[in-house]
Amino acid sequence: MLIKILLLLAAAVLLLGFVRWQHGVRLQAGKRLGFFAFLALNVWAVLRPDDLTVIAQQLGVGRGADLVLYG
């Protein structure tokens with residue numbers, strides 16, 4: 001349970017840092033959306049690791065952790 005809390009706190013810190021950092025026009029909208037999608041998928045994988053394992057098995061990978069590593 002402690003690792004879940006630490007991972008979720010890390011995601012929150014990344015999100016806050018990303019929102020507070022002044023990007024200007026140099027950071028394209030696609031990159032912003034990609035970063036938010038990346039964080040959302042990470043939070044989902046932390047909260048529901050069994051879902052990730054099911055997806056991994058459907059793709060022919062044994063475990064969800066292996067899928068994350070390959071990704």
Side-chain angles (χ1 to χ4, degrees):
M1 184 65 173
L2 179 62
I3 190 67
K4 285 186 177 186
I5 293 169
L6 291 174
L7 290 171
L8 292 174
L9 283 174
V13 167
L14 285 173
L15 179 63
L16 286 174
F18 187 77
V19 169
R20 293 184 58 107
W21 184 41
Q22 298 297 325
H23 299 292
V25 295
R26 291 184 293 174
L27 190 62
Q28 297 173 348
K31 291 180 183 177
R32 290 180 188 178
L33 291 173
F35 182 75
F36 286 121
F38 172 75
L39 280 180
L41 287 173
N42 279 302
V43 168
W44 173 64
V46 168
L47 295 176
R48 307 275 316 245
D50 293 333
D51 292 349
L52 193 62
T53 300
V54 169
I55 293 170
Q57 289 174 347
Q58 290 175 349
L59 293 174
V61 180
R63 302 178 305 161
D66 293 335
L67 179 64
V68 171
L69 178 65
Y70 298 154

Query raised in the report: So how far is it from Ile3 CD1 to Leu8 CG, rounded to the nearest 0.5 Å?
Result: 10.0 Å
Requested in this report: Could you grab the distance from atom CE of Met1 to atom CG of Leu6, nearest 0.5 Å is fine?
Outcome: 11.0 Å
Report task. Check the hydrophobic clustering (I, L, V, M, F, W, Y; side-chain heavy atoms under 4.5 Å; chains of links allowed) and say if Leu39 and Phe18 are grouped together. Result -> yes
Query - Cluster link Leu7 to Leu47, ILVMFWY, side chain under 4.5 Å - result: yes
Query raised in the report: What residues form a ring-ring contact (aromatic ring centres under 6.0 Å, His included) with Phe38, not counting sequence neighbours?
Result: none
Report summary line: Result for side-chain contact (heavy atoms from CB on, under 4.5 Å) between Asp66 and one of Thr53, Val61, Leu59 points to Val61
**Report entry** Residues Leu67, Leu52; criterion side-chain contact (heavy atoms from CB on, under 4.5 Å); working and verdict
**Finding:** CA-CA 8 Å; Leu67 179 64; Leu52 193 62; 4.0 Å; yes
Requested in this report: Taking all non-hydrogen atoms of both residues into account, name the closest pair between Arg63 and Ala56 and its distance.
Outcome: O-CB, 3.4 Å
